[in-house]
Novice: 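Dropping the structure in here first, questions after.
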Amino acid sequence: MLDIKRLRSEPDEIRRSLERRGIEVPLDEFIELDAKRRELIVEAEEKKALRNRVSDEIAAAKRSGEDASGKIQEMKKVGERIKALDTLLRDIERELDAIVLELPNPPLADVPDGCDETENRLIRTWGEPRRFDYEPRPHWELGARLDIIDQERGAKVAESRFTLLKGPGARLERSLISFFLNLHTQEHGYTELFPPILVNSDSMQGTGQLSKFAHQEMYRLRDDDLYLNPTAEVPVTNIYRDEMLAEEELPISVTAYLPSFRREAGAAGRDTRGLIRQHQFNKVELVKFVKPENSGAELERLTADAEEVLKRLELPFRTVALCTGDLGFASAKTYDLEVWLPSYNDYKEISSCSNFLDFQARRLSIRYRPASGGRPRFVHTLNGSGLAVGRTFAAIIENYQNEEGTVTVPEALRHYMGADMIE
RNA sequence: GGAGAGGUGGCAGAGCUGGUUGAAUGCGGCGGUCUCGAAAACCGUUGUGCCCUUUCGCGGGGCACCGAGGGUUCGAAUCCCUCCCUCUCCGCCA
């Protein structure tokens, strides 16, 4: 959520930066409603002050046995007026909220301009895509032949885009999760969490998942105000909702493995085969709560922490900075990590690392009190995948495949797999 | 799922026969006295949000907040309703 005071004090600056995302800010409407709101507040508060004062007089009068019925009658009218003003005010604030909640985070200055992913900026590449002297097989073919990925039975149990992993496949999934968590907790300083997998609408609202368009992406329970977790960002970032942190606690770095669920509405026909786009997928998430002045540097660190996973697995990847048109709603700056996938003959997103500045913290009301005293300040929040497990699974199967259809287990995973070959 | 108890300031804990209670008291925190310094003791201070005002420097005034949302009332932490959460006992269960 944007800072309303900023929208009021520097509207043109915000309008310009949101135009970079192709968003038209209904500024006139906002300014008009905002002025009306303050007008109503002034009158309502004057009336309330009057009522408080006269109510004290009534109390005093009753104590000394005087008649106060005139004042009581008078305050009855004032009370009705207050009720009317409060109703008006609530309606106006609803309208204002509707405007402000639909406004995305203005991009940081160094975010490249652009309409879609074709205009993202390449930051760096790591590793060389392997050259095959035969036609490499896609992971879904290899997985089916090795009998470690069974999409038909996954669909039988649930529906399409759900997958059954078997034997070494199931173990590879588990190995990846353990490997990711161990790396981040033991070497990168993150604290491991395991949050609830169902989240309520307050939590969804807080991290910005419930905007008008995202709504249909989520699985919602019919009988409860709960959703299946769409990304661990939601339950993890919400752990400190409505809290005041101590400055000494910051930065807080947490990591969590969590199954994630998305309806993939509107994705029909895209990535239909294999593990790339599933309704249920595993993910290890990295989340940081930091002081505002450090969030820029922390995004670089968090991105490096995610990249390290791919380096240890020796999977070729590249890092791109998302352009303004590709940026998520709540993010002010995002790096995507893209892993090389032979079946796509291209790089494919495997992690997304974002700096939300105070956008989420403001909506979630996560603040900290500076050790030197003074006003509480909003923290900055960041998060990134470290990594998406299913896509890593696919990348390993494809990049480490052998001509006869077996898969060599990456060095870093052999300890977890208890094997150096899937065959 | 059934029965009961409860949710108050950073924490602990009063108030809950409606009216100087934004809230006693204790602890913690901050400032001061004392001390070479510290502890102890004593004195003072101590929430958040919003609105108005401001010589924009700290400031001044007002409104709201005692789990959340409604209601009754001139007036509610205190009464009523709904919801959420916590605890105890029973049942059930991994």
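The sequence lines fix the lettering, A, B, ..., with proteins before strands; numbering per chain opens at 1. Keep in mind the model is a prediction, meaning the values are calculated, not measured.
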Novice: In the structure shown, which nucleotide is the Watson-Crick or G-U wobble counterpart of B/rU21, with both distances under 3.5 Å?
Specialist: none
Novice: Ignoring hydrogens and geometry beyond distance, is a side-chain donor-acceptor pair present between A/Arg263 and A/Tyr219 at under 3.5 Å?
Specialist: no
Novice: Please report the distance, rounded to the nearest Å, between CG in A/Asp56 and C1' in B/rG18.
Specialist: 13 Å
Novice: Give me the distance, rounded to whole Å, that separates B/rG91 from B/rG1 when you measure between the C1' atoms they each carry.
Specialist: 8 Å
Novice: If the P atom of B/rG2 is compared with that of B/rG18, how far apart are they to the nearest Å?
Specialist: 33 Å
Novice: For B/rA64 and B/rG69, measure between their P atoms and round to the nearest Å.
Specialist: 15 Å
Novice: Just name whichever nucleotide pairs with B/rU55, Watson-Crick or G-U, keeping both distances under 3.5 Å, else none.
Specialist: none
Novice: Judged by each residue's nearest nucleotide on RNA chain B, which is more toward the 5′ side, A/Ala60 or A/Glu46?
Specialist: A/Ala60
Novice: Give none if B/rG49 has no partner; otherwise give the nucleotide forming a Watson-Crick or G-U wobble pair with it, both distances under 3.5 Å.
Specialist: B/rC63
Novice: Round to the nearest Å and state the distance from A/Leu96 atom CG to B/rC50 atom P.
Specialist: 14 Å
Novice: What is the distance, rounded to the nearest whole Å, between atom NZ of A/Lys77 and atom C1' of B/rU73?
Specialist: 17 Å
Novice: CD1 of A/Ile72 versus P of B/rU73: gap in Å, rounded?
Specialist: 12 Å
Novice: Could you tell me how far apart A/Leu50 (CG) and B/rG75 (P) are, to the nearest whole angstrom?
Specialist: 12 Å
Novice: Under a 4.0 Å heavy-atom cut-off, which of residues 82-94 of chain A touch RNA chain B?
Specialist: A/Lys83
Novice: Pick the P atom in B/rC27 and in B/rA3, then give their distance to the nearest Å.
Specialist: 43 Å
Novice: Whole angstroms only, please: what is the CD-P distance between A/Glu74 and B/rG75?
Specialist: 13 Å
Novice: Using side chain to side chain donor-acceptor pair (under 3.5 Å), reason through A/Ser55 and A/Asn52 one step at a time and then give a plain yes or no.
Specialist: CA-CA 5 Å; A/Ser55 286; A/Asn52 288 343; 5.7 Å; no
Novice: Just how far is it from atom NZ of A/Lys36 to atom CD of A/Glu93, taken to the nearest 0.5 Å?
Specialist: 13.5 Å
Novice: Hey, which sits more toward the 5' end of RNA chain B by its nearest nucleotide, A/Ala59 or A/Ala49?
Specialist: A/Ala59
Novice: Please confirm whether the shortest side-chain N or O distance from A/Lys47 to OP1 or OP2 of B/rG62 is below 4.0 Å.
Specialist: no
Novice: For B/rU82, give its Watson-Crick or G-U wobble partner with both distances under 3.5 Å, or none.
Specialist: B/rA68
Novice: Using modelled atom types only, decide if a donor and an acceptor are shared between the side chain of A/Gln401 and the backbone of A/Glu398 within a distance under 3.5 Å.
Specialist: yes
Novice: Determine yes or no for a side-chain-to-main-chain donor-acceptor pair under 3.5 angstrom, with A/Thr324 supplying the side chain and A/Gly114 the backbone.
Specialist: yes
Novice: Only pairs with both distances under 3.5 Å count, Watson-Crick or wobble alike; so what is the partner of B/rC93 in this structure?
Specialist: none
Novice: Write down the atom of A/Pro195, the atom of A/Ala256, and the distance for their closest heavy-atom approach.
Specialist: CD-CB, 4.0 Å
Novice: Write down the distance between CE (A/Met75) and P (B/rU72), rounded to a whole number of angstrom.
Specialist: 18 Å
Novice: Could you check which nucleotide pairs with B/rU73 in any of the strands shown, counting Watson-Crick or G-U wobble with both distances under 3.5 Å?
Specialist: none
Novice: If you measure from the C1' atom in B/rG59 to the same atom in B/rC74, how many Å do you get, rounded?
Specialist: 34 Å
Novice: C1' atom, B/rC81 versus B/rA24: distance in rounded Å?
Specialist: 31 Å
Novice: Using purine N1 to pyrimidine N3 plus N6-O4 or O6-N4 for Watson-Crick, or N1-O2 and O6-N3 for G-U wobble, both under 3.5 Å, which nucleotide pairs with B/rC30?
Specialist: B/rG44
Novice: Test: salt bridge (Lys or Arg N to Asp or Glu O under 4.0 Å). Region: residues 408-423 of chain A. Which pairs qualify, not counting sequence neighbours?
Specialist: A/Glu411-A/Arg414
Novice: Expressed as a whole number of Å, how far does the P atom of B/rG62 sit from that of B/rG67?
Specialist: 25 Å
Novice: In Å and rounded to the nearest 0.5 Å, what is the OG1 to CZ distance from A/Thr319 to A/Arg121?
Specialist: 14.0 Å
Novice: Can you measure A/Asp202 atom CG to B/rG69 atom P for me and round it to whole angstrom units?
Specialist: 11 Å
Novice: Would you please say whether a donor-acceptor pair under 3.5 Å links the side chains of A/Tyr335 and A/Glu300?
Specialist: yes
Novice: Count the heavy atoms of every other residue, nucleotide or ligand shown that sit under 6.0 Å from CD of A/Glu32, and state whether that count exceeds 12.
Specialist: no
Novice: On the nucleotide B/rC74, are OP1 or OP2 found under 4.0 Å from the side-chain N or O atoms that A/Arg51 carries?
Specialist: no
Novice: Would you say A/Asn52 reaches B/rA64's phosphate, i.e. side-chain N/O to OP1/OP2 under 4.0 Å?
Specialist: yes
Novice: Using OP1 and OP2 only, check whether a side-chain N or O of A/Arg8 sits under 4.0 Å from B/rC51.
Specialist: yes
Novice: For the side chain of A/Gln151 and the backbone of A/Arg161, is there at least one donor-acceptor N/O pair under 3.5 Å apart?
Specialist: no
Novice: What's A/Lys48 touching, base or sugar-phosphate or nothing? Going by heavy atoms closer than 4.0 Å.
Specialist: sugar-phosphate
Novice: Is A/Arg367 near enough to B/rU48 that one of its side-chain N or O atoms lies under 4.0 angstrom from OP1 or OP2?
Specialist: no
Novice: What distance, rounded to whole Å, do you find between the two P atoms, one in B/rG57 and one in B/rC65?
Specialist: 34 Å
Novice: A/Phe180 and side chain to side chain contact (heavy atoms under 4.5 Å, CB included): which partner among A/Asn282, A/Leu286, A/Thr392, A/Thr255?
Specialist: A/Thr392
Novice: Please list, by residue number, the residues of residues 25-45 of chain A whose heavy atoms come closer than 4.0 Å to an atom of RNA chain B; answer none if no residue qualifies.
Specialist: A/Arg37, A/Arg38, A/Ile41, A/Val42, A/Glu45
Novice: May I ask you to verify if any side-chain N or O of A/Lys76 is less than 4.0 angstrom from the OP1 or OP2 atom of B/rC74?
Specialist: yes
Novice: Please give the nucleotide sitting opposite B/rG4 as a Watson-Crick or G-U wobble pair, both distances under 3.5 Å, or none.
Specialist: B/rC87
